[in-house]
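Numbering of residues begins at 1 and proceeds along the displayed sequence.
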Amino acid sequence: MLSRRRFLTISAVATLLPGAALAQTHVETAVALGAKVTLRLTHPDAPALAALALAEIRRLERIFSLYLPDSSLSQLNARARLDAPPFELLECLSQVDRVYRASAGRFDPTIQPLWAAEAAAAQRATPLTDRERADAIALIGWHDVAVASQAITLRAGQALTLNGIAQGYIADRTAQLLAENGLTDALIDTGEMVALPGRAWPVKVQGAGRVNLRGRALATSSPFGMTFGPGQAHSHIFDPAAGRSAGFHWHTISISAPSAALADALSTAACLMASEDQVLALCQGFPGVELEAAIRA
């Protein structure tokens, strides 16, 4: 998966914790899905719990990675069908469907063939031909994806990218695992953040100052997070309706929510909206979701 530039940073943790509590905060880092993962845990068995969490992240990576050829997602894209799909993939795609409907189709993971075509054109340093673009656009359509516990099927030629939700989903599942093992004080950062309900973690959000994250998740998306092509003219966020990469109308959009998967997907979809009022309306359609910042480019 694509790494996105970090717009969230942990701020002033040392000033919020007494020395003894700070000494007990265990920090573990790794790389998964092409992004840096940071775990901050406060528990007597924090190193063991961090190892458990990282093993879970690796397991989930084997489901959601676009680049591991034997991942569940890669197998689905290669064959247009995946029998007996893992529960986690089914659950994530259920979240996809919610945000797809709420965003009027702006959040559509079947954009992958267009992204792949644009990336190939950028690599050869020539623009997409009209035919190449039309062929890729013809494959976009979440409504053609059939999701059931027995199998997930795609229309021939379709492929999915879960770049706009999988990092958040993995953060949620990791938080759930740690909570089930007795942890109440942790911050999981997979590129999207989830805080367990123990401590309020101060998170600096561009355009919103500091947000105290506690029992909630936070995600930030930006068309500038990754750019490519001649003159870096293309964003990694693509507009399914226009059949092109997103315009650079927003610098960043930060959304907090009860789950990181939801915050991740909503912030991605919001980058394709024309006004802050539209973004607010999208957020208001989901209980507990708040727009923390929307910064124009």
Kindly give the heavy-atom pair with the smallest separation between [X] and [Y], and that separation in Å.
{"X": "Leu160", "Y": "Leu66", "answer": "O-CD2, 3.5 Å"}
{"X": "Ala261", "Y": "Asp172", "answer": "N-OD2, 2.9 Å"}
{"X": "Val145", "Y": "Ile152", "answer": "CG1-CG2, 4.3 Å"}
{"X": "Phe286", "Y": "Arg98", "answer": "CD2-NH2, 3.2 Å"}
{"X": "Ala269", "Y": "Val99", "answer": "CB-CG1, 4.5 Å"}
{"X": "Ser222", "Y": "Thr252", "answer": "CB-CG2, 4.0 Å"}

Would you give the length of the straight line joining atom [atom1] of [X] to atom [atom2] of [Y], rounded to the nearest 0.5 angstrom?
{"X": "Arg173", "Y": "Thr190", "atom1": "CZ", "atom2": "OG1", "result": "14.0 Å"}
{"X": "Ile253", "Y": "Glu276", "atom1": "CD1", "atom2": "CD", "result": "8.5 Å"}
{"X": "Thr184", "Y": "Leu196", "atom1": "OG1", "atom2": "CG", "result": "7.5 Å"}
{"X": "Asp264", "Y": "Gln95", "atom1": "CG", "atom2": "CD", "result": "10.5 Å"}

Sub-4.5 Å side-chain heavy-atom contact between [X] and [Y]:
{"X": "Asp239", "Y": "Arg244", "value": "no"}
{"X": "Met193", "Y": "Trp201", "value": "no"}
{"X": "Leu154", "Y": "Asn77", "value": "yes"}
{"X": "Asp135", "Y": "Pro113", "value": "no"}
{"X": "Cys92", "Y": "Ile165", "value": "yes"}

- For Leu41, the option from Thr25, Val27, Leu178 that meets side-chain contact (heavy atoms from CB on, under 4.5 Å): Leu178
Tell me yes or no: between the side chains of [X] and [Y], is some donor less than 3.5 Å from an acceptor?
{"X": "Glu180", "Y": "Gln176", "result": "yes"}
{"X": "Thr38", "Y": "Thr29", "result": "no"}
{"X": "Arg131", "Y": "Thr129", "result": "no"}

- Examine Leu139 and Phe238 and state if one hydrophobic cluster contains both, with Ile, Leu, Val, Met, Phe, Trp and Tyr joined whenever side-chain heavy atoms are less than 4.5 Å apart. no
Side-chain donor or acceptor of [X] paired with backbone N/O of [Y] under 3.5 Å:
{"X": "Arg216", "Y": "Gly288", "result": "yes"}
{"X": "Arg133", "Y": "Gly243", "result": "yes"}
{"X": "Gln158", "Y": "Gly141", "result": "yes"}
{"X": "Trp250", "Y": "Met273", "result": "yes"}

- Message: Does the plane of the ring in Trp142 sit parallel, tilted or perpendicular to the ring in Tyr100? Use 30° and 60° as the thresholds.
- Response: tilted
Solution key, residues 54-61 side-chain donor-acceptor pairs under 3.5 Å, sequence neighbours excluded:
{"from": "Glu56", "atom 1": "OE1", "to": "Arg59", "atom 2": "NE", "distance (Å)": "2.9"}
{"from": "Glu56", "atom 1": "OE1", "to": "Arg59", "atom 2": "NH2", "distance (Å)": "3.4"}
{"from": "Glu56", "atom 1": "OE2", "to": "Arg59", "atom 2": "NH2", "distance (Å)": "2.9"}
{"from": "Arg58", "atom 1": "NH1", "to": "Val31", "atom 2": "O", "distance (Å)": "2.4"}
{"from": "Arg58", "atom 1": "NH1", "to": "Glu61", "atom 2": "OE1", "distance (Å)": "3.4"}
{"from": "Arg58", "atom 1": "NH2", "to": "Val31", "atom 2": "O", "distance (Å)": "3.0"}
{"from": "Arg59", "atom 1": "NH1", "to": "Glu88", "atom 2": "OE2", "distance (Å)": "3.1"}
{"from": "Arg59", "atom 1": "NH2", "to": "Glu88", "atom 2": "OE2", "distance (Å)": "2.9"}
{"from": "Glu61", "atom 1": "OE2", "to": "Leu33", "atom 2": "N", "distance (Å)": "2.7"}

- For Ser71, side chain to side chain donor-acceptor pair (under 3.5 Å) partners two or more places apart: Ser74
- Sequence-distant partners of Thr110, side chain to side chain donor-acceptor pair (under 3.5 Å), two or more places apart: Asp108
- Report, as yes or no, whether the 6.0 Å neighbourhood of atom CG on Asp70 holds more than 12 heavy atoms from other residues, nucleotides or ligands. yes
